[in-house]
Amino acid sequence: MLKISADKLNSLFDAISAKQTLYITVDNEKGSAEYKKYESGMTLSKSLNTVRSAKDFFFPQTENLADFKVEGKNIEVIDVREESEDFVVFGVRACDARSFTILDKVFLSEPVDSYYKNRREHSTIITMACTKPAETCFCTAFGMDPTVPEGDVAVFSDGENYFFLERTEKGKKFIASISDMLEDGDTAKLNEVQEKARNIMKKLPLANLSTKSFGGERLMKHFNSEKWAELSESCLGCGTCTFVCPTCQCYDIRDFNTGHGIKRFRCWDSCMYSDFTKMAHGNSRNSQLERFRQRFMHKLVYFPANNNGEFGCVGCGRCLSKCPVSMNIVKVMKALEDKE
Amino acid sequence: MQEAMIKRAKELLADGTVNRVIGWKKGEFFYDATPAVFRTAEELDRQFIFDDFTQANVSKYLVKESRKDGKILAFLKPCDTYSFNQLVKEHRIIRENVYVVGVPGGPKLDIEKIKAKGITGVLSVKNENYTLKIETLYGTEEMPFYEAISGKCESCKSKKHVAYDELIGEDGEVLESNRFDMVEKLENMTAEERFNFWQNELSKCIRCNACRNVCPACTCENCVFDNPKSGVDNKAPADSFEEKMFHIIRAFHVAGRCTDCGECSRVCPQNIPLHLLNRKFIKDINSLYGEYQAGADTTTKAPLNDYNTDDCEPSIVHERGVE
Amino acid sequence: MNNDTLIPLIGVVTDIRQDTPDVKTFRVNAIEGGKVFEHMPGQCAMLSIPGVGEGMFSITSSPTNKEFMEFSIKKCGCLTTWLHAMDVGQQITIRGPYGNYFPVETDLKGKDLLFIAGGIGLAPLRSVINYVRDNRANYGDVQIIYGSRSKDDLVDYQEIIDEWQADPNIKVNLTIDREQEGWDGHVGFVPNYVKELNPSTNKTVLVCGPPIMIKFTLAGLKELGFTETQVYTTMELRMKCGVGKCGRCNIGNKYVCKDGPVFRFDQLGELPDEY
Amino acid sequence: MQVNENFEPVIVAFCCNWCSYAGADLSGTNRLNYPANVKIIRVPCSCRVNPMFILRAFQKGADGVIICGCHPGDCHYTSGNYFTRRRITLLYSMLDFLGIERNRTRLEWVSAAEGAKFADVMNQFTEDVRKLGKNRRLEDLRCRKQ
């Protein structure tokens, strides 16, 4: 397999960023990782994952949809869309890479969301195989192998070298564009590292989490479960889980009056917020119980019902570590799963 | 401590003093306890937990819980009692419907601080003579206990319970705390340095509203940021102005009522030091209008609901500190 | 780049009709005249005034009307209040059509139809009624039962009197909630009136109105011997995108904007009661 | 800091109806000059000025915000301006804490008889803000005119 030695990784980053915008994961001053535009001298984060998911690249927290000029009774619509620049994202984990296929199912289904599609088409996703999963990881429950992630190119590290594996046509082109920096390498040590990671995977505290109790056919059963009252009791109704989630894709469309025009923007929204479904009269989800239920039903029941059984969760574990009251999808799944 | 609390809770349930208990419920791991209401002795035995990681302040839940039928038993740490008192003062909690048992406070530990050390795959933590022995998927790690202390406990203001019906363990004292150190440090920076500091911090905000929703002082039925007619674009950090506006107003709305419980910073997924904004107000109030600790009692007037005819003029801001 | 459905088109309000004290009907044309887009009966469109808001409204005119689209809008929130205050000539943004439609070309063809509407609930059904009138040969008996709080609250009263009641091929039954001077028709709630009229059970029913009316009407119809597969309704929930992506208007796994707004009652029965 | 001579700041002045607004009137009838940069917003009492109003003024393009009210003790509503004083002191202190230039905010007591003071205050404040230049630290980029 083609590889580059670890000490040359930064020169590879320099070479890529000379041609197109490159984003890598870096550690911030507080020790948590985030995606940053690569500038010479930055080092790749050793953390397992970023706090904010990689969905930002395709579905940013806010984006302008259109501008309006209003003069008297006349309205002019200004299309503000621009062709996205080509960019590379380096260091995406298997879970986040899978989240893109889930987001694709929403945004690329008819009618196609051109804002999302534009950025998606101009991106090259370089994933990073996991070697040290955390206790909060449960991607294997959703059928992923984090040691061989999806994406356009998958990168594996054996500690000394980074190995490159093409996974799509786009990835093939990308590897060709950097092939002068890569050399053939022996994967014996890599295989060892992967074997070790797979063994750890089996020992994870959530390794036995099962999705077999969920899916579209359980809609009414889970919806009417009595467990929701207890599960949602402590929920604060904040949007942390939805905003750090790589697959949460609900949005709001709002207008902002700049004083010299109207900007219509879309921004992330959360089904946990009380105004999510609020209408001029009434609200179809009045209590936090209903809103809490909606989020988990969407991921575990509604999404698979509409997408051939694929779940709307990738097991990245962000909600496990970030919920202010430590209520999360794992606790929900364990409470709702069929006993016996 | 946990056993004593469960035992006492069971007694109070059995003799009918209370019909519910609010506390912390065991999670998937050793560190992710969830605030929960327990109704039976059996639930308490099975799930009740009180340890180094039960940080959450449960007093805000009492706003709703104290309006339900019957009395509820609440285990409150010293800092939680300040929030509790403040809510009683504002008539948000119905005091008669809560039976408060004061329990010792921290220092509590913060798993994020352990993970920030690069320790991953944690399975259990043991405290041996103030050294944490951390069992992980990748072997045993060690770190000093004090380095894992949660931010809110690092600058603890008081170990005294200001409201309780009974105590388990001994009551503590109000402490000399260093909580204004960082505020002072910022005050001594130049305006530009301060601006850059906050620009960097606040630009991380994702507007999840966790700080607002967890805050025991934020108990409005309908927040101004949830009211579309207010013209404030909630949810959307569309421009750096939005986050500044949100955080200034959030802190301002609780100025004089914030007990400095530190929950806002604890829950922030982006680790923004939000408590500094609140402490700035507390420090200003203390220095300009006399020492005041929100929640210390249920009778004194809040500083922003009060005035003296000889209060200082706002121009004092221009006269002190660094421009 | 291709057009995006989230970027709206511009329409001009060419006529405003005050139907009831709180309902106005707006006629919308493209700037260059004609319709902004084609639709099927029961579909909706997103109307907006930039800076005020955007909302989903059912298109009340029939697709057979080739000149313009109409929207009957009740004044109840921020946007609708603004719409009610505007004058002819005002431009608005419009995007659509969204959602499914009443199966006028398939399941309803050749059937005897019974329309039951309450208040502003007539709006989405008016499109179907006029579509059926314009393709009269394709359908059997047509009966309309329409009720409102008072005579003044009957939407499209002039059209009902002048055209529908005058049409010998349509039977119209009107009712109002309370006795009123100048009203010699039926008085009483719609569900009870339906039971009194005792329509034959071989009809296919299209019902729309306030949720409480729908609920009791459905119960009444069942008593009369109708089955759920015979009854269609149209729903409304809060919507933002109109294309099943923004995630708020779902009932179970069905999005009202995309999989609805028209549902048959047996389909709704399989979904959670969250609307 | 470089001073742009041509820069005309936008000043928003919240004036209490009973004193300062009348003071502004008086300065007008006395033909005293104060800069056209000042946009006056009349409020029933200085206490009516919600901190959000001030932030919103900056968002929508103000370079300086000044609040004018009755002298302490003279409030039409007895004590409104005492509350204003505490509230605005804390807010200005917070803005200062966030690194917003402190000369962009001011509070002055101007009575109905002080037309000259009103003009002086506005002249002085406008000059102070002019020196600071365009408000960049508390502006909403979306509102910036290209």
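Values reported hereafter were calculated over all heavy atoms of this structure, with side chains retained and with hydrogens, waters and symmetry mates removed. Every chain is numbered from 1, with letters handed out A, B, ... down the list of sequences. These numbers were taken from a predicted model, which means no experiment stands behind them.
- When all heavy atoms of D/M94 and B/I248 are compared, the closest pair comes out as CG-CG2, 4.3 Å.
- With rounding to the nearest 0.5 Å, the separation of CZ in D/F97 from CG in B/L277 is 6.5 Å.
- How far NZ of B/K244 is from CD1 of D/I100: 5.5 Å, rounded to the nearest 0.5 Å.
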Inset, instruction - Please lay out, stage by stage, how B/H247 and D/L98 fare under the test side chain to side chain contact (heavy atoms under 4.5 Å, CB included). - result: CA-CA 11 Å; B/H247 288 293; D/L98 291 174; over 6 Å; no
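- Using a 4.5 Å cut-off between heavy atoms, B/S315 does not touch chain D at all.
- Proximity to chain B (any heavy atom under 4.5 Å) is restricted, for D/L107, to the side chain, taken from C-beta onward.
- Among B/L202, B/D311, B/V183, the residue with the largest count of heavy-atom pairs under 4.5 Å with chain D is B/D311.
- The number of heavy atoms from other shown groups lying within 6.0 Å of NZ (D/K60) is above 12.
- The part of B/I316 that comes within reach of chain D is its side chain, from C-beta onward, which places non-hydrogen atoms under 4.5 angstrom from that chain.
- The heavy-atom pair separating D/R137 from B/F195 by the smallest distance is CB-CE1, 3.2 Å.
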Legend entry - Test log, rule side chain to side chain contact (heavy atoms under 4.5 Å, CB included), inputs B/E313 and D/W109: CA-CA 10 Å; B/E313 293 291 329; D/W109 310 122; 2.7 Å; yes
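- The shortest heavy-atom contact between B/P303 and D/R86 is O-NH1, 2.7 Å.
- Taking both residues in full, the closest heavy atoms of D/D140 and B/E242 are given as OD2-OE2, 4.0 Å, listed atom of the first, atom of the second, then distance.
- Smallest separation of non-hydrogen atoms from D/R85 and B/N308: NH2-O, 3.3 Å.
- Aromatic ring orientation, D/Y82 versus B/Y307: parallel (interplanar angle below 30°, classes split at 30° and 60°).
- With contacts defined as side-chain heavy-atom distances shorter than 4.5 Å, the pair D/P51/B/I249 qualifies.
- A distance of 9.5 Å separates CZ in B/F241 from CZ in D/F58, rounded to the nearest 0.5 Å.
- No more than 12 heavy atoms of other residues, nucleotides or ligands shown are found within 6.0 angstrom of NZ on B/K185.
- Crowding of B/R95 atom CZ: a count of heavy atoms from other residues, nucleotides or ligands under 6.0 Å exceeding 12.
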Inset, instruction - Show your working on side chain to side chain contact (heavy atoms under 4.5 Å, CB included) between B/V317 and D/T105 and close with a plain yes or no. - result: CA-CA 10 Å; B/V317 175; D/T105 49; over 6 Å; no
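- A pairwise comparison of heavy atoms in B/H318 and D/N103 identifies ND1-OD1, 3.4 Å as the closest pair.
- To the nearest 0.5 Å, atom CG of residue D/D96 and atom CG of residue B/L186 are 11.0 Å apart.
- In this structure, chain B has heavy atoms under 4.5 Å from both the backbone and the side chain of D/L91.
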Legend entry - Steps toward side chain to side chain contact (heavy atoms under 4.5 Å, CB included) verdict (B/Y289, D/T89): CA-CA 11 Å; B/Y289 310 120; D/T89 305; 3.5 Å; yes
